Amino acid sequence: MSTHRTFTMIKPDATGAGHTGKIIDRIIEAGFTIKAMKWTRLSLEDAQAFYGVHAERPFFGELTEYMSSAPIVAAILEKDDAVADFRTLIGATNPAEAAPGTIRADFAESIAANAVHGSDSDENAAIEGSFFFSQRELA
Ligand code: IDP
Ligand code: MG
């Protein structure tokens, strides 16, 4: 288990608004190293699989349609305490509650279209990274 890695996506609202470069700058300035990165797009089925843990939540349909509506950027990031430090960098799920200066406070549109994803545990970081990247890309 690699405790120094996390997984992120720059979500469709942020790629569509032209915020991709600014968000990548924030991530690098915060001390993360980009281990792997790709510009890609999720099908509805991909989004339903990625967010399967949320299948029973009332917002599942809205979330999966939104996440498959336009391109995303997927990335593996490295840093000491990567999972916790990245959650701090992005801020609360609801941008109205995100701390000033966090990526969601500055770039998110709404609780659904909230600019970025960040893994919530080392275990999920590994699972989510493997969803997008091959073993060779993860090495
Ligand atoms: P997180 O992304 O901060 O970890 P989660 O609770 O894991 O938040 O929810 C996953 C994603 O589902 C959120 O990032 C957001 O895009 C969406 N989401 C969460 N709660 C709501 C909601 O109440 N309405 C609409 N979308 C939501
Ligand atoms: Mg989550």
Side-chain angles (χ1 to χ4, degrees):
M1 184 61 63
S2 50
T3 58
H4 59 303
R5 285 190 179 189
T6 192
F7 170 79
T8 187
M9 289 183 285
I10 302 173
K11 296 187 178 183
D13 59 298
T15 62
H19 293 147
T20 302
K22 286 172 278 187
I23 290 172
I24 293 171
D25 271 350
R26 294 278 189 100
I27 292 169
I28 293 169
E29 284 165 7
F32 293 85
T33 299
I34 297 170
K35 184 69 183 172
M37 176 172 275
K38 65 175 69 168
W39 180 283
T40 185
R41 183 165 175 166
L42 295 171
S43 68
L44 180 61
E45 292 72 23
D46 291 333
Q48 289 167 340
F50 184 88
Y51 284 108
V53 65
H54 293 308
E56 304 306 320
R57 307 278 284 275
F59 56 82
F60 183 68
E62 177 189 0
L63 172 63
T64 54
E65 284 174 26
Y66 159 67
M67 286 301 298
S68 57
S69 66
I72 60 117
V73 174
I76 309 278
L77 306 174
E78 280 191 351
K79 184 183 182 298
D80 288 346
D81 298 322
V83 168
D85 285 2
F86 194 72
R87 297 287 299 198
T88 301
L89 179 67
I90 67 177
T93 307
N94 184 349
E97 297 167 2
T102 59
I103 291 174
R104 282 170 166 167
D106 291 344
F107 298 109
E109 290 179 2
S110 66
I111 191 169
N114 60 0
V116 282
H117 170 82
S119 302
D120 63 7
S121 66
D122 291 340
E123 181 186 14
N124 283 336
I127 293 168
E128 292 168 359
S130 299
F131 189 91
F132 284 91
F133 296 98
S134 69
Q135 282 308 116
R136 179 174 54 76
E137 290 171 309
L138 292 169

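This one's a predicted model, so the numbers in the text were calculated from it and none came from an experiment.
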Hydrophobic cluster membership, Ile23 vs Leu77, 4.5 Å side-chain cutoff: yes
From CA spacing to verdict: side chain to side chain donor-acceptor pair (under 3.5 Å), Asp46, Ser43: CA-CA 5 Å; Asp46 291 333; Ser43 68; 3.1 Å; yes
Is there a side-chain contact between Glu65 and Leu44, using heavy atoms and a 4.5 Å cut-off? yes
Interatomic distance, CZ@Arg41 vs CH2@Trp39, rounded to 0.5 Å, equals 11.0 Å
Pair Lys22 + Asp106: basic N to acidic O under 4.0 Å: no
Could you tabulate the donor-acceptor pairs under 3.5 Å formed by side-chain atoms of residues 48-56, not counting sequence neighbours?
unit_1 : atom_1 : unit_2 : atom_2 : d
His54  : ND1    : Arg57  : NH1    : 2.9

Report the distance from atom CG of Asp81 to atom OG1 of Thr88, rounding to the nearest 0.5 Å. 9.5 Å
For Asp13, is there any backbone N or O sitting under 3.5 Å from a side-chain donor or acceptor partner on Tyr66? yes
Which atoms form the tightest heavy-atom contact between Gly31 and Lys79, and what is the distance? O-CG, 3.8 Å
For Ala105 against Pro100, the heavy-atom pair lying closest together: CB-CA, 4.4 Å
Where the side chain of Glu62 meets the backbone of Phe59, is there a donor-acceptor pair that is under 3.5 Å apart? no
Under 3.5 Å: donor-acceptor pair, side chain of Asn114, backbone of Ala108: no
Using atom types as modelled and distance alone, determine if a side-chain donor or acceptor of Arg104 lies under 3.5 Å from a backbone N or O of Val116. yes
Give a yes or no on whether the backbone of Ala126 and the side-chain of Arg5 come within a donor-acceptor separation of less than 3.5 Å. no
Looking at Ala125 and Thr6, what are the two nearest heavy atoms and their distance? CB-CA, 3.8 Å
With a 4.5 Å heavy-atom cut-off, do Ile76 and Phe132 have their side chains touching? no
What one should report as the nearest heavy-atom pair of Thr15 and Ile10 is CG2-O, 3.8 Å
Looking at Ser68 and Ala47, would you say the former's side chain and the latter's main chain have a donor-acceptor pair under 3.5 Å? no
Flag yes if Met9 and Ile24 sit in one hydrophobic cluster, no otherwise; membership is Ile, Leu, Val, Met, Phe, Trp, Tyr, and two members link when side-chain heavy atoms are under 4.5 Å apart. no
For residues 12-35, which residue pairs qualify under ring pair (Phe, Tyr, Trp, His ring centres under 6.0 Å), counting only residues two or more places apart or in two chains? His19-Phe107, Phe32-Phe86
Looking at residues at least two apart in the chain, or sitting in another chain, which of them share a side-chain hydrogen bond (donor to acceptor under 3.5 Å, both in side chains) with Glu109? none
Spacing of Arg26 atom CZ and Thr102 atom OG1 [to the nearest 0.5 Å]: 8.0 Å
When rounded to the nearest 0.5 angstrom, what is the spacing between NZ in Lys11 and OG in Ser69? 11.5 Å
Could you check if a side-chain atom of Met67 sits within less than 4.5 angstrom of a side-chain atom of Thr64, using non-hydrogen atoms only? no
Ring centre gap for Phe7 and Phe131 strictly below 6.0 Å: no
Looking at every non-hydrogen atom in both residues, tell me the closest pair between Ala14 and Ala115 and how far apart they are. CB-O, 3.7 Å
Do you reckon Val83 sits in the same ILVMFWY cluster as Ile127, going by side-chain contacts under 4.5 Å, direct or chained? no
CE-OG1 distance between Met37 and Thr20, expressed to the nearest 0.5 angstrom: 9.0 Å
How about Ile72 and His117: do any of their side-chain heavy atoms sit closer than 4.5 Å? no
Group every Ile, Leu, Val, Met, Phe, Trp and Tyr by side-chain heavy-atom contacts under 4.5 Å, then state whether Leu63 and Ile111 land in the same group. no
